[in-house]
Structure formats: C-alpha cells, structure tokens
2 protein chains.
Amino acid sequence: MNDAEQTRQNILTAAADEIHQHGFKATSLSVILNRCEISKGALYHHFTSKIELGYAVFEEIYTPMFLDLWQSALSVEDPVEGLCTFFTSMTEQMSCSEVVCGCPLNNLCEEMANVDEGFRLRILSMQEQLNQLIVDALEQINDDLRDGLALSQVSYFIVATLNGATTLSKSSRNKELFQQVIAELCLYIRALKK
Amino acid sequence: MNDAEQTRQNILTAAADEIHQHGFKATSLSVILNRCEISKGALYHHFTSKIELGYAVFEEIYTPMFLDLWQSALSVEDPVEGLCTFFTSMTEQMSCSEVVCGCPLNNLCEEMANVDEGFRLRILSMQEQLNQLIVDALEQINDDLRDGLALSQVSYFIVATLNGATTLSKSSRNKELFQQVIAELCLYIRALKK
DNA sequence: CTTGCAACATACCATGCGGTCGGTTATTAT
DNA sequence: ATAATAACCGACCGCATGGTATGTTGCAAG
C-alpha cells in the first residue's frame, strides 16, 4: 500500500471510529484531522465532502465488517445454533464501547435514514443483503424447521430484536438487559425447529 | 391557562415536534422561535438552556403520551390480546411522519443516551416503568401463561423488538417490514399462553 | 399613582462548523 | 532534466449555533 492509500485508510478508520462514537453529524472533521495528523487539504483531496466520506466509511468499513460477521455465524452446520452462539458470544465479548455506543449501522440508520437519501438507500440495501443471508441459511435446514414459517419475516424479526436489544443496553449502560433479550431471542430461534 | 403558561406549552409542543423530526442536537432553537413567533428572550425566560428544554419535552410530552398509550393497551381483560391489537393498530394508524421519524423516545435513546447523563437516566427510568407496566399486566393472567417464563425478560424482549421494528421501517420507509415484524411479534406473544 | 416583577423583545457575542483556494512538496512519466 | 500531476498544507470564509445582556412592556399589588 502506497502512502496516499495509507492516509486514505487512516482517514477512513479514524472517521469510522468517530462516527461510531458520536454519530455522523456530531463528528467533527477537525478531530479526524488531528487524529490522523493531516491537514484539511489532505482530507479534501481524498474525499469530496463530509457526506462522501461517510458513504465511504459505510461501504468500506462498516458493511464488510458486518456482513462477514453474520456470514461466519451462519456458515455452520446448524445455522440456528450458529446464530445463538453468535448472539451469546456477543454478550460476552461486548466491549465497553459497544455497550455504550451500540451498533454502528443501527446508529447510522437511526440518525441518517430519514435525513439523507444516500445513507438510507445504502442502509436499506445492506439490510436486504443481511436478510437474504439469513433466509438462505435457514432454508438449508428447512426440513428441520416448523411448517408454515415465513422465513423472511422471521429473519427481519431476528434482526429487529437484535437492534432493539443494543439500543436497550445503551440506555441501561450495562449488559444485563441485552443478555436477557438475547436469551429470549435464542429461545425464540430454537423454537423455530420442529 | 394564562398567557405565560400558554407560550410555555407552545414552546414545548413545537420543540417536541422538532426533536421528533430532526433529533435533539439538530433541532435549532431559532426554528422553534419562528414556529412559536416569539423571541429568544421568551424562550430563555421559560427554560434555562436547550437541554433543560429537552428534559421538559421528555417529561411533560413524551413520557405521559407514551405511558398512557401502553397503559390503555394493557388495561383490558386479556393483556396478551391487548398488546397484539395495540401493535396491529399501530401498523394501520401509523402516520407518514411516524414511519419516517420513528418513535420519539427510541430516537432520543439512540441519540442522547450515551452522550448526556440526564437524558440517559430519564430514558432508563421510563423503560423501567414501562417494563413494570407490562410485567404487572402479564402477571395478572399468569395462570394462562406457560410455566417457567421470565416475565421481565419477556417484557424487555417485546419492547426491544418493537423498537427494532420502528427502526427498520425508518430505513425501508414503508410499513411492510414493520408489519411483518409486528406479525411475528404477535405470534410470539400469543405463544406465551398455554 | 407608583413601584416591582413577570413576560417578553432585540441586538450582540464567541465558537465551531464544513468547505474553498492559492500555494508547496513529492513523485512519476517523458 | 523537466514537465506534469498527485499529494498535501494552512489560512481564510460564510454561516448557523447556543447563549447573554440590556432594554421594554404590561399587569398587579400596595
């Protein structure tokens, strides 16, 4: 990686962290500049505007990190158990910043979906990708599942609950509530089986 | 209500709407002043700062509106069915602004819980009140429910899912996803019974 | 009638923001 | 070697923000 690409990556990772911590609007470009020890000219050489930087963070940092996580959780023999262990390990490995700051994508959705169409469409696309991921995984064990399940609906339900759980843990500022919701979610997921 | 109290109420309702639409930080005091056709002096006569205005909106507008809604949904013979009809009617009566802007309390939680302790504690307190409301209602039909249910956990699960559903509908900008999650949630709730 | 305070109005301030622009250095192609 | 361009610097700009200080009006008690 040459120097230019390196500074671009530095900007992206710093911006990703700042946006995660403070949201997009409240993220100050000057803070990013300080963290990267670069000038404003450097930033605007790589990104045409703040919002384009935001899009790049979304597409190049958040999205792959997110989808890879879910993909690996679902790429097991039994995706139902895969999801449950995924969720449970989240409650254990959850760092303090994640308890406090929540999921970056969920945050961005809350903040920007109804304000900026570019963000909204990106979020929407990602949610559909994620939903497809889950549906595909569940369909592979369709024979073990109860009859009459609306798998897409089930998938959205799971994701919605998970997002709601992170939001809940943000206000309570402890893992306990999150763990409770996750425990109940695992009960629900396992009950999908016959 | 005298004139002073009337202007105070005007400020509160205008602020509540603006905060609902744009979030707390992005809400501009000058917009509120224009909507109410008052001066900045008037606002700062009634509220010492922007954040105190935010607290007042939370306590005097959002909280009672919210708790009353849930209370009336749960104050029926069968709270399980009460919740289901409550949720279902939400999907039908949901105005465009609610689809786009989401739940005011959920929004505030997302935006302010990890930034301002005053907001966080107020949100937390309200969530605990709401949880107690649901738990109390479910306990009254405990005999009809399955054994071994952790009612507090169940209650948090329901609230988390509902919040996640509104967030989902924000990014998709249509009711369909919301309705799907709600439909699945109703299945879950009804399955709490024996 | 006047005194006093509540209920406003208006002008102003410091600050931080995203963004621009002319200039400079480093790299690369010819 | 030189020309061209990428990569970067840093001063500056307009603007909107939350907040303050001073001034004005109107009502109500004494």
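Quick caveat: nothing in here was measured; it's all calculated off a predicted structure. Each chain gets a letter, A, B and so on, in the order its sequence line appears, and its residues count up from 1. Computed from heavy atoms alone, side chains included, the values below leave out hydrogens, waters and symmetry copies.
The distance between atom CG of Leu33(B) and atom P of dA11(C), rounded to the nearest whole Å, is 14 Å. Atom CZ in Phe47(B) sits about 14 Å away from atom C1' in dC8(C), given to the nearest Å. Here dG19(D) presents its P atom at 10 Å from CG of Leu53(B), a figure rounded to the nearest Å. At whole-Å resolution of the value, CG in Asn34(A) and P in dG16(C) are 12 Å apart. What separates CD of Glu18(A) from P of dC17(C) is a distance of 11 Å, to the nearest Å. Summarising the geometry, the separation between CG on Asn10(B) and P on dA7(C) is reported as 14 Å, rounded to the nearest angstrom.
Lys50(A) forms no cation-pi arrangement with Tyr44(A), by the criterion of a distance under 6.0 Å to the ring centre and an angle within 45° of the ring axis.
No donor-acceptor contact under 3.5 angstrom links the side chains of Thr167(B) and Asn106(A), judged on distance only.
Under the rule for a ring-ring contact (aromatic ring centres under 6.0 Å, His included), the partners of Tyr55(B) that lie at least two apart in sequence or sit in another chain are Phe119(B).
Remark: Asp17(A) engages Arg35(A) in a salt bridge, criterion side-chain N to carboxylate O under 4.0 Å.
Within 6.0 Å of CD in Glu81(A) there are more than 12 heavy atoms belonging to other residues, nucleotides or ligands. Shown here is Gln129(A), whose CD atom has more than 12 heavy atoms of other residues, nucleotides or ligands within 6.0 Å.
Residues from residues 114-122 of chain A placing a heavy atom under 4.0 Å of any atom in DNA chain C do not occur.
Taking the six-membered ring where the residue is Trp, Trp70(B) and Phe86(B) present perpendicular rings, their angle passing 60° and hence far from 30°. Classified by interplanar angle (parallel below 30°, tilted 30° to 60°, perpendicular above 60°), the ring pair Tyr188(A)/Phe157(A) is tilted.
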- Query: Going 5' to 3' along nucleotides 8-18 of chain D, which nucleotides have protein heavy atoms under 4.0 Å from the base (write B), which only from the sugar-phosphate (write S), and which from neither (write -)?
  - Reply: SBB------SB

